[in-house]
Protein chains: 2
Amino acid sequence: MALTIGQVANAADVNIQTIRYYERRGLFPTPRRTPAGYRQYADEAVARLRFIKHAQELGFSLQEVQELLALRVRHGAACDVVERKTRQKIEVVQQRIRDLQRMKRTLERLAAACTARRPTDDCPILEVLEDHDHISH
Amino acid sequence: MALTIGQVANAADVNIQTIRYYERRGLFPTPRRTPAGYRQYADEAVARLRFIKHAQELGFSLQEVQELLALRVRHGAACDVVERKTRQKIEVVQQRIRDLQRMKRTLERLAAACTARRPTDDCPILEVLEDHDHISH
DNA sequence: ATAGACCTTGTACCAGGGTATATGGTCAAG
DNA sequence: CTTGACCATATACCCTGGTACAAGGTCTAT
């Protein structure tokens, strides 16, 4: 049931060094060790790695990923804190979605202009993208 | 009408060094120079910088931004190439949006569990996020 | 008991995306 | 005609997120 670091790395398709790096960074809990000092992981570790990688692809920094991972629902006390943090994250994600949608619309307009092949000889993306200038952040 | 590098940097709120760096990287065309060697920019340069910054925030690398900027509608010939690349970018953006929406829903579930005071005691975000494991890329 | 594949720590290096600093030229105002 | 705010190049440094390498311990199979 316990996995070695190599097995975890392999299953999640990341470098062994990366796992140790995450451990140093605090994204990974320090695992139990065998008497010989080998790290021992549960299957959960693989899911955690995949989650980290996935969140990174979505543009979250390791710091942000760490905060995401810290969100857990536990008994009473810290519950409202967690909820507040979670809702903040939702806002961040929502804003990112909006920005990407705007970017997508812009790209679509570009593609459309291209299809219509107006011989507007000198029509750089820049012109099409002009409304990126007044994006709210 | 011609702007100095400092004016451009100021207007787009980036470091002067960054503009020169982009020039070296090929993201910025080499500008005309005054007899004294000062770079001269048109207003367009500011829009270009803002576009770069924005695209970066959306998770595009400078390499990708460069590709985006290279997508220009020129006289006929390259037009379908441009369109194809643009549609590829749209696909990437679309997938990213879908993934973020999934993440958002997950976070919303987490927040809801929190509100309901359903203290799923030892429920790390990983469990909640289980469906991240089989995302298609 | 020895090879080979694994694990350990430590240190060093890499790429991407800048930012800072040193040294010197330019230009407008007083 | 000098001072301050700009510009130029060149070089060095910074942070993030890893990856590689060295020196050595462990474990399994033969």
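B/Arg50 places a side-chain N or O within donor-acceptor distance of the main-chain N or O of B/Ala11, the cut-off being under 3.5 Å. In this structure, the side chain of B/Thr18 does not engage the main chain of B/Val14 through any donor-acceptor pair within 3.5 Å. Formation of a donor-acceptor pair under 3.5 Å by the B/Gln7 side chain with backbone atoms of B/Thr4 is found in this model.
Distance B/Lys53 NZ to C/dG16 C1': 18 Å, rounded to the nearest Å. Rounded to whole Å, the distance from CZ on B/Arg25 to P on C/dA15 is 12 Å. Spacing between atom OH of A/Tyr21 and atom C1' of C/dC14 amounts to 13 Å, rounded to whole angstrom units. One can place CD of A/Gln66 at 14 Å from C1' of D/dT16, the figure rounded to the nearest angstrom. Regarding B/Ile16, its CD1 atom lies at a distance of 14 Å from the P atom of D/dA5, rounded to whole Å. Distance A/Arg24 CZ to C/dT11 P: 11 Å, rounded to the nearest Å. The separation between A/Ile19 atom CD1 and C/dC6 atom P is 14 Å, rounded to whole Å. Distance CD (A/Glu23) to P (C/dT9): 7 Å, rounded to an integer number of Å.
In the set C/dG17, D/dC7, C/dT8, D/dC7 carries the atom at the smallest distance from any side-chain atom of B/Ile5. Looking at the side chain of A/Thr18, the nearest of the listed nucleotides C/dG17, C/dT19, D/dG18 is D/dG18.
A sub-4.0 Å separation between OP1 or OP2 of C/dC7 and a side-chain N or O of A/Gln7 is absent. When the side-chain nitrogen and oxygen atoms of B/Tyr22 are compared with OP1 and OP2 of C/dG18, one or more of them lie within a distance under 4.0 Å. Checking the phosphate oxygens (OP1, OP2) of C/dC7, a side-chain nitrogen or oxygen of A/Thr4 falls inside 4.0 Å. When the side-chain nitrogen and oxygen atoms of B/Gln56 are compared with OP1 and OP2 of C/dG18, one or more of them lie within a distance under 4.0 Å. The side chain of B/Arg33 places an N or O atom within less than 4.0 Å of a non-bridging phosphate oxygen (OP1 or OP2) of D/dT9. Taking only side-chain nitrogens and oxygens, A/Arg39 never comes nearer than 4.0 Å to OP1 or OP2 of C/dC6.
Nearest-nucleotide positions on DNA chain C place B/Phe60 closer to the 5' end than the other of B/Tyr38 and B/Phe60. Along DNA chain C, the nucleotide nearest B/Thr34 and the nucleotide nearest B/Leu62 are compared for position; the residue whose nucleotide lies closer to the 5' end is B/Leu62.
Relative to the ring axis of B/Phe28, B/Arg48 places its NZ or CZ within 45° and under 6.0 Å from the centre.
Counting any heavy atom pair closer than 4.0 Å across all strands shown, B/Arg20 reaches a base atom.
The base of C/dT21 lies close enough to the side chain of B/Gln17 for a donor and an acceptor atom to sit less than 3.5 Å apart.
For residues 58-68 of chain A, the salt bridge (Lys or Arg N to Asp or Glu O under 4.0 Å) pairs, not counting sequence neighbours, are A/Glu64-A/Arg96, A/Glu67-A/Lys89.
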